[in-house]
Amino acid sequence: MLRSRPSLRDPPQSTAVSHGVRSDVGGAFYGRRMDGGTRMTTRERTAVVQRTVDGLRVVLDGVTQDVEHGGFAAAVSALEVDRPRWVWDTMDVYPRLLQAGVRVARSWDLRLARGLLRRAAGTPGGIAALPADGWDDSAAGRDDGALSFDFGELLDAQREFDRQIAEVAASARPGALRLLITAESAGALAAAEMHHAGLPWRRDVHEQLLEGLLGPRVPVDRRPSALERLAGDIRVALGAPALNPDSPADLARALRSAGIEVDSTRAQELSRIDHPVVEPLLEYKRLARLHQANGWHWLDTWIADGRFRPDYIVSGVVTGRWATRNSGAMQLPKQIRSAVVADPGWKLVVADAAQLEPRVLAGLAQDRAMAEAGRGRDLYAGIVASGAVATRAAAKVGMLGALYGATSGEGGRLVPRLARRFPQALALVERAAKEGERGGTVATLLGRETPPVSDRQRAVDREAAVFEADERVLRQARSLSRDRGRFTRNFVVQGTAAEWALCWIADLRRRLWELAEGSFTERPHLVYFLHDEVIVHAPAGSAVAVADAVTEAARDAGRLLFADFPIDFPLDVSVVDHYDEAA
DNA sequence: CCCAAAGGCCAC
DNA sequence: AAACGTGGCCTTTGGG
């Protein structure tokens, strides 16, 4: 946490309330008075879902109802009329509810909250000190290895919820943490819903694209004809008849034998070389990647019933960004996005936040000059207009250099120019970097904290601290320290941007639900989320209203996090039939 | 046989 | 010599 920064205040629900943001995100969870450290006022209804030996137990305001698995969806549906906050493990129960046609408005995800509270800034540390148990995410890496928990045991949801509420209430900034947990919980609902609905995917379009570029489909152990032909050209050009172009080691040897000096076989390096092998080799790499990552095998594995259903991992990244499992859904190459096609009579509303991270930095640092540069539209153009740098490209490279900690190259050169014009913003990332370099932790706006320095780094530090330490060890310690500085520097911005995005999609899913009637997949609904970008699948007639909803949700996410600080979050919004037509 | 590391490339 | 952040996933390679 950048504790020295006076502007880092608790942005509690009162922020939302004062701006009239109706929210499934922070909501009025325990009322805003709680943030003043006084007392609960408008207590929200909660429905705690507990697994039992043969079914599920729902406790709504102290009233217990036991249901068998088969009756669960009906019970939830009946209780949902009161719009309680569902306290549960979303991934454990919500997919089944969606299958049964039941959608809920609000939740508190016990598993995600556990993960956040284990490592959140300003908590008393009671949850951090707990031994790992079934509420901890088994997928997440743990350094202690063994679990003391017996997985046959039934987890006590009410007890865990009580513990979490107490931890939040006793924290330094309960409003911020509550917002973080409810936003992330809303994200979990959205993730399950996006998996349920699926991204519309035209197998025939994808297959046509593959056949056009690679040739007819071949068995898995064979190269498609286009790759076979290119491999032949490469072997001839290098005079290496047995070369396997898929092997970097083999390729590097062949290149050197042909008198081409390279440090690697990366496309970027090869493209700078003047030799007949370069063209077929680069083409081979491009097509081989397509074949391996998004070829027929991927199609067979991931596309069913005209839908792509990735498994989203909410908070799968240390910064709070999402990940996905196995499908590569967060690396869909531009090359194949033409296969994402709206259903007949429907549209894709594609929206991405423009220069999200610099804007988040401006808000975090309360840097009015940078906020002014981003007023209206393109923040990089605004930086040019400010006179800091000459071109938009320079503004972008310099800004990213500042966010990533560039010290050399064009980015490194431009950072000082930005620092002169935007001292507050640049000082914030510098402080974050310094804190990391000296082995500390930093936190996002809402309190997500970096992990502590690794045991390995600590060991190197100890080794480097002794009198007349080995020069190699000293170098390694310095290098690790710098690495951590770049990590903490980027963490505050990337992590807060992830929080903005959570608030955005949480508010958006509420707005989309209220735009129409009918079942979840009959209404406009989210089908894809990628860090700072969403796709909504919407009946054509509602597309304009959806575009407005997406824009308004972005505005409200900004207010939720940054209150009345005047930083804009403009979007690029496109209404299209094919994903690749989006601006 | 399994597994992890290395090299590479895709996304933001 | 390294040098600009967060990831996923593929193939090759070499060790147990």
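Residue numbering restarts at 1 for every chain, and letters A, B, ... go by the order of the sequence lines.
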Please report the distance, rounded to the nearest Å, between [atom1] in [X] and [atom2] in [N].
X: A:L530; N: C:dG8; atom1: CG; atom2: C1'; result: 12 Å
X: A:L356; N: C:dT6; atom1: CG; atom2: P; result: 18 Å
X: A:R325; N: C:dG7; atom1: CZ; atom2: P; result: 15 Å
X: A:N490; N: C:dT6; atom1: CG; atom2: P; result: 7 Å
X: A:E533; N: C:dT6; atom1: CD; atom2: C1'; result: 17 Å

[N] to [M] separation - [atom1] atoms, rounded to the nearest Å:
N: B:dA4; M: C:dC4; atom1: C1'; answer: 27 Å
N: C:dA2; M: B:dG8; atom1: P; answer: 15 Å
N: B:dG7; M: C:dA1; atom1: P; answer: 15 Å

With A:D483 via salt bridge (charged side-chain N to carboxylate O under 4.0 Å, His left out) - residues at least two apart: A:R486
What does [X] touch in the nucleic acid at a heavy-atom separation under 4.0 angstrom: a base, only the sugar-phosphate, or nothing?
X: A:R337; result: sugar-phosphate
X: A:V318; result: sugar-phosphate
X: A:L332; result: sugar-phosphate

Side-chain touch A:H537/A:L348, heavy atoms, less than 4.5 angstrom: yes
Heavy-atom check, side chain of A:V349 versus side chain of A:I535, under 4.5 Å: no
side-chain contact (heavy atoms from CB on, under 4.5 Å) evaluation trace for A:R325 with A:I313: CA-CA 7 Å; A:R325 201 179 341 256; A:I313 318 290; 3.1 Å; yes
Taking only N/O atoms, report every protein-nucleotides 12-14 of chain C pair under 3.5 Å with atom names and distance.
{"from": "C:dT12", "atom 1": "OP1", "to": "A:N244", "atom 2": "ND2", "distance (Å)": "3.4"}
{"from": "C:dT12", "atom 1": "O3'", "to": "A:S247", "atom 2": "OG", "distance (Å)": "3.2"}
{"from": "C:dT13", "atom 1": "OP1", "to": "A:S247", "atom 2": "OG", "distance (Å)": "2.5"}

Selection: residues 274-295 of chain A, any non-hydrogen atom under 4.0 Å of DNA chain C: A:R289, A:Q292
N/O donor-acceptor pair under 3.5 Å between [X] side chain and [Y] backbone:
X: A:R489; Y: A:A402; result: yes
X: A:E499; Y: A:L446; result: yes
X: A:W298; Y: A:S327; result: yes
X: A:N490; Y: A:Y404; result: no

Please write out the pairs of protein N or O atoms and N or O atoms of nucleotides 2-4 of chain C separated by less than 3.5 Å, giving the distance to one decimal.
{"from": "C:dA3", "atom 1": "O3'", "to": "A:T407", "atom 2": "OG1", "distance (Å)": "3.2"}
{"from": "C:dC4", "atom 1": "OP1", "to": "A:T407", "atom 2": "N", "distance (Å)": "3.0"}
{"from": "C:dC4", "atom 1": "OP1", "to": "A:T407", "atom 2": "OG1", "distance (Å)": "3.3"}
{"from": "C:dC4", "atom 1": "OP1", "to": "A:S408", "atom 2": "N", "distance (Å)": "3.3"}
{"from": "C:dC4", "atom 1": "OP1", "to": "A:S408", "atom 2": "OG", "distance (Å)": "3.3"}
{"from": "C:dC4", "atom 1": "OP2", "to": "A:G405", "atom 2": "O", "distance (Å)": "3.4"}
{"from": "C:dC4", "atom 1": "OP2", "to": "A:T407", "atom 2": "N", "distance (Å)": "3.2"}
{"from": "C:dC4", "atom 1": "OP2", "to": "A:T407", "atom 2": "OG1", "distance (Å)": "2.6"}

Residue pair A:C503, A:L561: steps toward the side-chain contact (heavy atoms from CB on, under 4.5 Å) verdict: CA-CA 8 Å; A:C503 293; A:L561 292 183; 4.2 Å; yes
Sequence neighbours excluded, every pair satisfying side chain to side chain donor-acceptor pair (under 3.5 Å) that has a member inside residues 252-271 of chain A: A:S264-A:E269
5' to 3' contact window, DNA chain B with chain A (heavy-atom distance under 4.0 Å): B:dG7 to B:dC12
Matching residue for A:L526 among A:V536, A:L199, A:V550 - test: side-chain contact (heavy atoms from CB on, under 4.5 Å): A:V536
